[in-house]
Student: 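Would you mind keeping the following structure in view while I ask a few things?
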Amino acid sequence: MSLKVIAKEDVLSFLGAMMRDWEVVGVKKKDVGNYANEAKLHGRVESLQAVKGKPAVKYMFDRLDNPSEACLDYTVTVLPPKKYFMPPHETILKFKDGTLQPVFDDTPRIIVGVHPYDLAAINLLDKVYCQENPDLNYIKRRENTLIIGVDVKTPSPFSFSKSMKSDTVMEGFDLFFADIGESYAVEVGTQKGEGLLKYGAFKDATAQQADQLSKAKEEKKAQAPSRGLKVTPEVLAQKLGEKREDPIWEEKSQKCLSCGSCVTVCPTCYCFDVQDAINLKLTEGERIRSWDGCMLTDFALVGTGENFREHKVQRYQHRFFRKGKYIFEKYGSLGCVGCGRCSSVCLPDIADPVEVYNALL
Amino acid sequence: MLQPAKESLFLPGAAEIIKVEKLTETEKLFEFKFKNGQELGHAPGQFVEVSLFGYGEAPISVSSSPTKHGAFELAVRKVGNVTGALHRMEAGATVGIRGPFGRGFPVDEIKGKDVLFVGGGIGLVPLRSLINYVLDNRQDYGRVIIFFGARSPKERLFTAELEQWKNRKDAEFFETVDRGDDSWNGNVGVITTLFPKVDIDPKNMYAVIVGPPIMYRFAILEALSKGITEDKIIVSLERRMKCGLGKCGHCQIQHLYCCKDGPVFKYSEIKGIQEAI
């Protein structure tokens, strides 16, 4: 499909027009003032010091009430857009007096501003949830959601997506925006994406604009990343199996708080728990699927009391092996896209895949 | 990319409890029938998710052999929310059942071979589906040896059936308890003390071992020392199989999903895997 362009000043009206017909989710800047005030309010001046060096400005995917809230130039969001395909908590069944009703969310939705590494993560989730044992809850959301990707202009200091080969993606978006100065160059990925062009003042790209885009891509390719893995994803998956006995596992995992922050913010973590909630009269209730994580203490606990990953070091190693080896072997891509979210949230600072994998290889 | 899916993976079928039998202080045997008349259609060694609305789901291995038609049996130890609630239920009550899930015992591969069954405690529950399958197709199998070990006489499961197995001319049955009591005249000692009681032809023998995690380490060593090769030692592993679909992650044993790749494994498949046994 041909390359389109939209002038930066026309983006607002494009978003506004879509918002009249669709639920539109975009990246919002979190009120940093409140964040600081709240910390002060609770006398947590020290804790603010503790996060020094970590980004103070936070971004989040949220439903837009006003098109001007949308950021297209941001570093990384706190949570990945995964939450629109597998929400932190989702009702999968309702039951009432012995009858059962499966529950699905098929709200038509557009997510604007998804970075390539998050697209790569969604492409992986698609393999997990749509291939073997296709999961209708995921599929309905996925089919009814359009994704407008945007290239990263200001990378997060924690990002290493280039070395994970997820700083550019060829699929997984309906439209993809790239900043070429006065305008965005817009690649159309799907028919559905093409259908969105009617909402904005899109024009065919001129030869010069197409040239600008390829130049921008070339520059990005040539840019040396600030940090990254020493080896390719393929080599990592191959070699990791030999490193099970390395002392780094014990050393790092000793500091782990088993808080699960690293797996909660991860765009590729897809483990879940299922629990029932019932009303006080015990007549009706819901079966709810919630995010779960292998770094939490009771993740592998069974009814008889046996915990098959009782020790921190077992859970810590499992996470890195799952990301760096098991998922690669099963799905052909790593369970890490290099977004750096886990490194940015880990309090004892032991979650960074770059540090751990590079120390091992 | 997107595969068609017709219905929710989490929608269970309605099954009625048609019989409840107390096995021990903590275990009960439940017999179920699908309300729509369908068969479970399981293979020995597979499991189902038992669904009690308001409580949740629990993975339970099927204890009956598929040669038993019209109904299926689950033997359940009372350990948690769901199993506790199930223990309070009586015949006539309805539960949800998803499944069967997982890879069962290799019934065709062991055809024509001698089989040594080693069941420890509650491990007899899944093993019973295979024992009865083999006994119901007795002509297809060679020698049948059954070892059963319980912690105490009170914790022996399926006592009437143990008696029947013991009396069969075409099976050799040995059992022991870890600690005896006044009522007990049989063997006392852990299950590995039964191994010296039989002479086997390891070339033609499969050992199927199911028991608590600690038992595997010792029983597998005994089977190996009998000369049975690693690919002929078969185990069934317990994990928290929450979804049964290879997704939720709880049952993962390194790269393996216990709910899909197992719960039945050959020792040769899991030998090098620290987490497995």
Side-chain angles (χ1 to χ4, degrees), chain A residues 92-93 95-96 98 100-104 123 126-140 142-143 171 244 269-279 282-285 287 289 292-294 298-306 308-309 314 318 321-322 325-327 329-330, chain B residues 1-14 49 51-60 76-84 94 96 101 121-122 212-214 237-258 260 272-276:
Chain A
I92 52 176
L93 288 179
F95 44 90
K96 188 178 179 181
L100 278 181
Q101 186 62 47
V103 181
F104 304 103
N123 290 340
D126 284 349
K127 291 183 198 165
V128 174
Y129 279 100
C130 306
Q131 287 179 352
E132 196 181 18
N133 291 326
D135 184 296
L136 206 51
N137 291 79
Y138 180 91
I139 290 171
K140 291 237 183 198
R142 187 71 176 91
E143 281 176 348
E171 55 173 16
R244 225 170 253 287
C269 272
Y270 57 83
C271 290
F272 58 81
D273 191 17
V274 180
Q275 300 279 348
D276 284 5
I278 195 160
N279 70 352
L282 310 178
T283 50
E284 55 186 292
R287 182 152 292 169
R289 166 157 76 176
D292 205 347
C294 59
D298 61 355
F299 187 74
L301 181 73
V302 297
T304 48
E306 185 88 28
F308 291 97
R309 250 177 258 117
Q314 296 171 310
H318 182 74
F321 268 74
R322 191 172 150 99
K325 181 174 165 67
Y326 308 150
I327 287 180
E329 287 166 353
K330 199 166 175 194
Chain B
M1 174 191 69
L2 300 181
Q3 299 289 314
K6 291 208 173 53
E7 59 177 28
S8 167
L9 293 169
F10 294 94
L11 191 65
E49 296 283 347
S51 194
L52 298 186
F53 301 101
Y55 295 95
E57 289 188 319
I60 307 285
V76 180
R77 176 177 286 178
K78 186 171 63 177
V79 288
N81 231 350
V82 177
T83 52
T94 302
F101 296 116
I122 202 172
I214 183 81
L237 301 184
E238 180 191 14
R239 286 297 184 278
R240 185 173 165 202
M241 295 172 284
K242 195 93 201 185
C243 70
L245 306 162
K247 297 198 198 303
C248 83
H250 289 272
C251 72
Q252 232 183 333
I253 305 169
Q254 292 196 0
H255 62 288
L256 299 167
Y257 279 86
C258 194
K260 212 162 60 69
I273 301 183
Q274 285 164 356
E275 278 182 12

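Chain A is the first sequence line, chain B the second, and so forth, proteins listed ahead of strands; every chain is numbered from 1.
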Student: Taking side chain as everything from C-beta outward and backbone as N, CA, C, O, which of these in L245(B) sits under 4.5 Å from a heavy atom of chain A? Side chain, backbone, both or neither.
Tutor: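 For L245(B), heavy atoms of backbone and side chain both lie under 4.5 Å from chain A.
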Student: Quick one: SG on C251(B) to CZ on F308(A), what's the gap to the nearest 0.5 Å?
Tutor: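 Between atom SG of C251(B) and atom CZ of F308(A) there are 11.0 Å.
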Student: Looking at side-chain heavy atoms only, is the closest gap between I92(A) and L9(B) below 4.5 Å?
Tutor: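 With C-beta onward as the side chain, the pair stays apart.
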Student: By a 4.5 Å heavy-atom criterion (distance strictly below it), what part of K247(B) contacts chain A: side chain, backbone, both, or neither?
Tutor: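 For K247(B), heavy atoms of backbone and side chain both lie under 4.5 Å from chain A.
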Student: Pick from E238(B), Q274(B), K242(B), R239(B): which one has the most heavy-atom pairs with chain A under 4.5 Å?
Tutor: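 Top option by heavy-atom pairs under 4.5 Å: R239(B).
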Student: Taking atom SG of C243(B) and atom CG of N133(A), what is their separation to the nearest 0.5 Å?
Tutor: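 C243(B) atom SG to N133(A) atom CG measures 8.0 Å (nearest 0.5 Å).
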Student: Using modelled atom types and a 3.5 Å cut-off, is there a donor and acceptor pairing between side-chain atoms of E275(B) and backbone atoms of Q254(B)?
Tutor: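 Yes; at least one donor-acceptor contact below 3.5 Å.
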Student: Which bit of K325(A) comes within less than 4.5 Å of chain B, counting heavy atoms only: side chain, backbone, both or neither?
Tutor: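 Contact with chain B is absent: no heavy atom of K325(A) under 4.5 Å.
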Student: Please classify the contact of L301(A) with chain B as side chain, backbone, both or neither, using a heavy-atom distance under 4.5 Å.
Tutor: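 L301(A) touches chain B through backbone heavy atoms alone.
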Student: Please classify the contact between F272(A) and chain B as side chain, backbone, both or neither, with a heavy-atom cut-off of under 4.5 Å.
Tutor: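 Both backbone and side chain.
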Student: Heavy-atom pairs under 4.5 Å with chain B are the metric here; pick the option from L100(A), V103(A), I278(A) that has the most.
Tutor: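 Ranked by heavy-atom pairs under 4.5 Å with chain B, first place is L100(A).
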Student: Under 4.5 Å heavy-atom distance to chain A, tell me which part of P213(B) shows up: side chain, backbone, both or neither.
Tutor: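 It is the side chain, since no backbone atom gets that close.
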Student: With rounding to the nearest 0.5 Å, note down the distance linking CG in N81(B) to CG in D276(A).
Tutor: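 Spacing of CG (N81(B)) from CG (D276(A)) equals 9.0 Å.
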Student: Between Q275(A), H318(A), R287(A), which residue shows the highest count of heavy-atom pairs closer than 4.5 Å to chain B?
Tutor: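 Counting heavy-atom pairs under 4.5 Å, the top option is R287(A).
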Student: Would you say that F10(B) contacts D135(A) through its side chain, given a criterion of any heavy-atom pair below 4.5 Å between the two side chains?
Tutor: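 Side chain of F10(B) against side chain of D135(A), heavy atoms only: contact under 4.5 Å found.
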Student: Against chain A, label L52(B) side chain, backbone, both or neither, depending on which of its atoms sit under 4.5 Å from a heavy atom there.
Tutor: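 Just the backbone, heavy atoms under 4.5 Å.
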Student: Do Y129(A) and N137(A) have side chains that get closer than 4.5 Å, going by heavy atoms?
Tutor: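 Not touching, per the 4.5 Å side-chain cut-off.
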Student: Can you tell which part of D273(A) gets under 4.5 Å to a heavy atom of chain B, answering side chain, backbone, both or neither?
Tutor: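 Contact with chain B involves both backbone and side-chain atoms of D273(A).
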Student: Are the side chain of D126(A) and the backbone of C130(A) linked by a donor-acceptor contact shorter than 3.5 Å?
Tutor: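 Such a contact is absent between D126(A) side chain and C130(A) backbone.
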